[in-house]
Amino acid sequence: MASSKETYRVELRAAARQLGERGLYSAAKWAAELLVGIEPDATPAPSSVMDTPSSSGSAASGGRLLHLHRSGGSSFRRRLRPGAAEAGTPLGGVSYVSTPIPDDDAFDVGVDRYLLAKTYFDCREYRRAAHVLRGQTGRKAVFLRCYALYTAGEKRKEEETVELEGSLGKSNAVNQELVALERELATHRRTGAIDSFCLYLYGIVLRDKGSEALARTVLVESVNSYPWNWSAWLELQSLCTSSDILNNLNIKNHWMKDFFLASAHLELKMHEEALKRYERLMGVFRCSDYIQAQIATVQYSMRDLDEADMIFEELLRTDPFRVDSMDVYSNLLYAKESSTALSFLAHRVFLTDKYRPESCCIIANYYSLKGQHEKSVLYFQRALKLNRKYLSAWTLMGHEFVELKNTPAAIDAYRRAVDINPRDYRAWYGLGQIYEMMGMPFYAVYYFRKSSYLQPNDARLWNAMAQCYESDQLQMIEEAIKCYERSANNNDTEGIALHQLAKLHGMLGQSEEAAFYYKKDLERMEVEERQGQNFVEALLFLAKHCKSIGRFEEAEHYCTRLLDYTGPERETAKSILQGLKRAQSVLPLMDIDHFAM
C-alpha cells in the first residue's frame, strides 16, 4: 500500500517518543527532525484517514511529540534532476510494507522503578539504573537495564584507556559487560522473549566481540521488527563494507529502507545512486534539513563544490545554530580556500557549542588554512578527546603532521583512521604520500592503490600513483601512462594528466600519441585562459611534430604563437620558421623538375 505524508507523520511522532523513552536520544532526534521535514499538505487531511492499520495510530496517540515547524517551511527547495520522483512516489514504483508499531509494556507493576532507573540513566548513573531494574521482566525494563550495563562498561573501558595510555593512546581495554550481555540476550532471542530494541543492543554486543556476520543478521531482525530506530540502521551500515553484503541483506521494503540505502551508498562511495535516492526522498521530506545536508555531502564527494556550497549556506540560513554536517562544510570551504567564510563558520560554531567534536574540527580547519598547523593539531586533538572514534579528525590531523614534517605522528594518525574505517580513502592516500616523501615508492604505490580502489573517480589519486611509477626506483612508464589515462578520464581539473601523458609518450618515441595529448592539453589551457611553461612546451612540441610530418601550415601557426614569448623557445621557433621557408621554397622547384622530366 502506498505511504502517505500523514502515515509518515504518525509513525515518526510515535518513534520519536518511544526512542526517547528508551534513552536512544540520537535516533529520537533524527526521527523528530525528519518529522518536521515533511512538507505541509495544502489542505489539512482528516485525522481519521490513514493508509496504515489502526494500531499505528493508537500507538502514536499515547503521547505526541511537541515540535515547532518552521513557519512556511524553507524558501529553498532542492532542484530535482529530470526523472527524480515526485512527492509520495516509492522508489522503483513498489509498495511499502507496513510495520505495526509495537505496543509498550503495560507497567501496572514496576512503573515507578522504571521511572527511577530512567532518571538515573539520564543523570549518567548507569550502574544505579541497572541495579534498580534487577528482577524486572518487562521488555522496556530489560532493555534499559542491559543498555545501562553496556554503557557503564563502555564508560569504564574509556577510563581505563585514559589511565593506561592517555586520552589519545591505544589500549587493549575491553568492555567487561559484553560476555554477560551476550549470554543473556542470546537466551532471550532463542526463547523469543526479545524485542527490536534488545536485538539492536545484541547486534552491537556481537559487533564489539567480532561476530560481524551474526551481528548483521540480528540487526536486520531489529530493523525489520521496528524500522524507525535510525541508530540500528547506522550500526547495520557500518557492517556493510561492500555492495555485495549490502545487496544480500534481507530487509523488508519499509520506507525507512530508502534512507538506509541512500546513506549506505554514500558510505560506499556510490555517489550517483545515493544522490538519486535522496532526490526521490525529497519528494515527501522536502523541508528536511537532514536530506539537504546529505545531498550537499554527496555533491562535495563528487567534487561539485559550488552546488554543495549553496546548499550548506541555505542550511545555515534556516538553522543558524546547526553543528551537524558543518565539519563537511568546513572541509569544502578549506578546499575552496574560502578563508572568510571558514572564519565566519568557525566563529559561529564556537559560540554555539565549542565542545562538540565537529566544532573543534571546524576551528582546526580554519587554523590550517591560515598556516597555523600547531594550533590546528591542538584542536584536532581536542576533537579526539571528545570522540576518540572521530574519523575525520584522525585523517586531517595526519595531514597537519605532514605539513609539520612529523612523519611518525602522521603515520600513526593515518593508521588510527584506517583502523576505525578501512574504507577511508583519504587516510590510505595520506599513508601513500608519507612513504613517497620517505623515498619508498613500493610502499607508496600499495597505499595509493588502496585509496584509488575506494575512490576510483578521484583524479588526484591516479596522478599520485602515476608519479610513483615514474620515480627513479620504479621507472614503470607503461603503468604510469595507465594511471594518467584514468586521471584524464575522471576530470583532472589540475591538468596534470594530459601534460604528463604527452611527455611520457614522447619519451617512448610515440610522437603521434604525444602530439594528440599535447593538443588536448593546449585546448584545455586555452579554455581556462592559462599560460605558462606547459603551454610553451606544448606549442614547441607541436611545431616540431607538424614540421616533421610535412604539415607546414600548422607548424608555422604554432611557431608564430611562440614568438610572443621570451626565452630559448622563441629562438627555436625562429629557427623552425626559417627552415619552413626554405622547405616551402624548395617544393615548387621540385615540382618543376618533376614535370620537366
Give the intermediate values and the outcome of side-chain contact (heavy atoms from CB on, under 4.5 Å) for residues Ile496 and Asp492.
-> CA-CA 7 Å; Ile496 295 173; Asp492 175 29; 3.9 Å; yes
Min side-chain heavy-atom separation Gln294-Tyr278 under 4.5 Å | yes
Do the side chain of Ser288 and the main chain of Ile291 share a donor and acceptor less than 3.5 angstrom apart?
-> yes
Any salt bridge between Lys157 and Glu154, counting N to O under 4.0 Å?
-> yes
Donor-acceptor pair, Asp412 side chain versus Pro408 backbone, under 3.5 Å?
-> no
Using atom types as modelled and distance alone, determine if a side-chain donor or acceptor of Trp233 lies under 3.5 Å from a backbone N or O of Pro227.
-> yes
Supply the atom-to-atom distance Met438 CE to Thr407 OG1, rounded to the nearest 0.5 angstrom.
-> 6.0 Å
Answer yes or no: are there more than 12 heavy-atom neighbours, outside His347 itself, under 6.0 Å from its atom NE2?
-> no
Are the side chain of Asp319 and the backbone N or O of Leu315 linked by a donor-acceptor pair below 3.5 Å?
-> no
Looking at Asp306 and Lys336, does any basic side-chain N land under 4.0 Å from a carboxylate oxygen?
-> yes
Minimal non-hydrogen separation, Glu267 against Gln237, with atom names = CB-NE2, 3.8 Å
Residues two or more places apart in sequence or in another chain: which of them pass side-chain contact (heavy atoms from CB on, under 4.5 Å) with His399?
-> Thr395, Leu396, Tyr414
Closest heavy-atom contact between Ala464 and Tyr429?
-> CB-CE1, 3.7 Å
About how many Å separate CG of Asn490 and OG of Ser452, when rounded to the nearest 0.5 Å?
-> 10.5 Å
Please report the C-alpha distance between Glu272 and Met302 in whole Å, then the side-chain angles of each, then the deciding distance to 0.1 Å, and finally whether the side-chain contact (heavy atoms from CB on, under 4.5 Å) criterion is met.
-> CA-CA 9 Å; Glu272 285 293 337; Met302 296 173 69; 3.0 Å; yes
Atom OH of Tyr443: over 12 foreign heavy atoms under 6.0 Å | no
Using the benzene-type ring in the case of Trp, are the ring centres of Tyr447 and Tyr435 under 6.0 Å apart?
-> yes
4.5 Å side-chain heavy-atom contact, Glu313 and Tyr329 = yes
Distance (rounded to the nearest 0.5 Å) between Ile362 CD1 and Arg356 CZ = 9.0 Å
Residue pair Asn365 / Asn331, side-chain donor-acceptor N/O under 3.5 Å = yes
Residue pair Pro441 / Glu436, side-chain heavy-atom distance below 4.5 Å | no
Indicate the ring-plane relationship of Trp30 and Tyr290, choosing parallel, tilted or perpendicular according to the 30° and 60° boundaries.
-> perpendicular
Hey, are Asp309 and Tyr300 close enough side-chain-wise for a donor-acceptor pair under 3.5 Å?
-> no
Is there a donor-acceptor pair closer than 3.5 Å between any side-chain N or O of Arg423 and the backbone N or O of Thr241?
-> yes
How about Ser487 and Asn463: does a side-chain donor come under 3.5 Å of a side-chain acceptor?
-> yes
Can you tell me if CZ on Phe350 sees more than 12 non-hydrogen neighbours from other groups inside 6.0 Å?
-> no
Is it true that atom CZ of Phe344 has more than 12 heavy atoms of other residues, nucleotides or ligands lying nearer than 6.0 Å?
-> no
Does Glu33 come within less than 4.0 Å of Arg322, counting only side-chain N to carboxylate O?
-> no
Hey, what do you get for OH (Tyr8) to CD1 (Ile38), rounding to the nearest 0.5 Å?
-> 8.5 Å
Residues at least two apart in sequence or cross-chain that pass side-chain contact (heavy atoms from CB on, under 4.5 Å) with Asn491, listed by chain then number, are Thr493
Does Glu528 pair with Arg524 as a salt bridge, N-O distance under 4.0 Å?
-> yes
Residue pair Tyr469, Glu478: steps toward the side-chain hydrogen bond (donor to acceptor under 3.5 Å, both in side chains) verdict = CA-CA 9 Å; Tyr469 282 126; Glu478 293 291 344; over 6 Å; no
Could you tell me which non-hydrogen atom of Ile245 sits nearest to which non-hydrogen atom of Leu239, and how far apart they are?
-> CG2-O, 4.1 Å
Phe285 ring center near Phe259 ring center (under 6.0 Å) = yes
Hey, does Leu249 have a side-chain heavy atom less than 4.5 Å from the side chain of Lys257?
-> no
Within the side chain of Ser301, is there an N or O that forms a donor-acceptor pair under 3.5 Å with the backbone of Thr297?
-> yes
Is the NZ atom of Lys269 crowded by more than 12 outside heavy atoms at less than 6.0 Å?
-> yes
Could you give the distance from NE2 (His265) to CD (Glu273), rounded to the nearest 0.5 Å?
-> 6.0 Å
Between Arg317 and Glu314, is there a side-chain N and carboxylate O pair less than 4.0 Å apart?
-> yes
Would you check if the side chain of Ser263 reaches a backbone N or O of Phe260 as a donor-acceptor pair within less than 3.5 Å?
-> no
Flag side-chain contact, heavy atom, 4.5 Å: Val349 against Leu345 = yes
Smallest separation among heavy atoms of Gln381 and Phe401, with atom names | NE2-CZ, 4.4 Å
Mind running side-chain hydrogen bond (donor to acceptor under 3.5 Å, both in side chains) on Tyr334 and Ser368 for me, showing each step along the way?
-> CA-CA 9 Å; Tyr334 185 95; Ser368 177; 3.1 Å; yes
Donor on one side chain, acceptor on other, Gln475 and Glu470, under 3.5 Å = no
Between Glu523 and Lys520, does at least one N-O distance fall below 4.0 Å, as a salt bridge requires?
-> no
Compare all side-chain heavy atoms of Ser339 with those of Lys370 and state whether any distance is below 4.5 angstrom.
-> no
Run the salt-bridge test on Arg416 and Asp424 with the 4.0 Å N-O cut-off and return the result as yes or no.
-> no
To the nearest 0.5 angstrom, please state how far the CE atom of Met476 sits from the SG atom of Cys468.
-> 11.0 Å
Atom pairs and distances, side-chain donor-acceptor, residues 371-380, under 3.5 Å, sequence neighbours left out:
| from | atom 1 | to | atom 2 | distance (Å) |
| --- | --- | --- | --- | --- |
| His373 | ND1 | Glu400 | OE1 | 2.7 |
| Ser376 | OG | Ala364 | O | 2.9 |

Please check if the side chain of Trp428 supplies one atom and the backbone of Pro422 the other of a donor-acceptor pair under 3.5 Å.
-> yes
Could you give me the CA-CA distance, side-chain angles and deciding distance for Val223 and Asn229, then say whether side-chain contact (heavy atoms from CB on, under 4.5 Å) is met?
-> CA-CA 7 Å; Val223 298; Asn229 183 2; over 6 Å; no
Residue pair Glu485 / Trp462, side-chain donor-acceptor N/O under 3.5 Å | no
Nearest heavy-atom approach of Ala514 to His505 is N-CB, 3.7 Å
For Cys361 and Tyr390, the nearest pair of non-hydrogen atoms, with its separation, is CB-OH, 3.6 Å
Does a salt bridge link Glu235 with Arg207, judged by any charged N lying under 4.0 Å from a carboxylate O?
-> yes
Quick one: are Phe541 and Lys503 in side-chain contact, heavy atoms under 4.5 Å?
-> no
May I ask you to test the Glu307-Gln299 pair for a side-chain heavy-atom distance under 4.5 Å?
-> yes
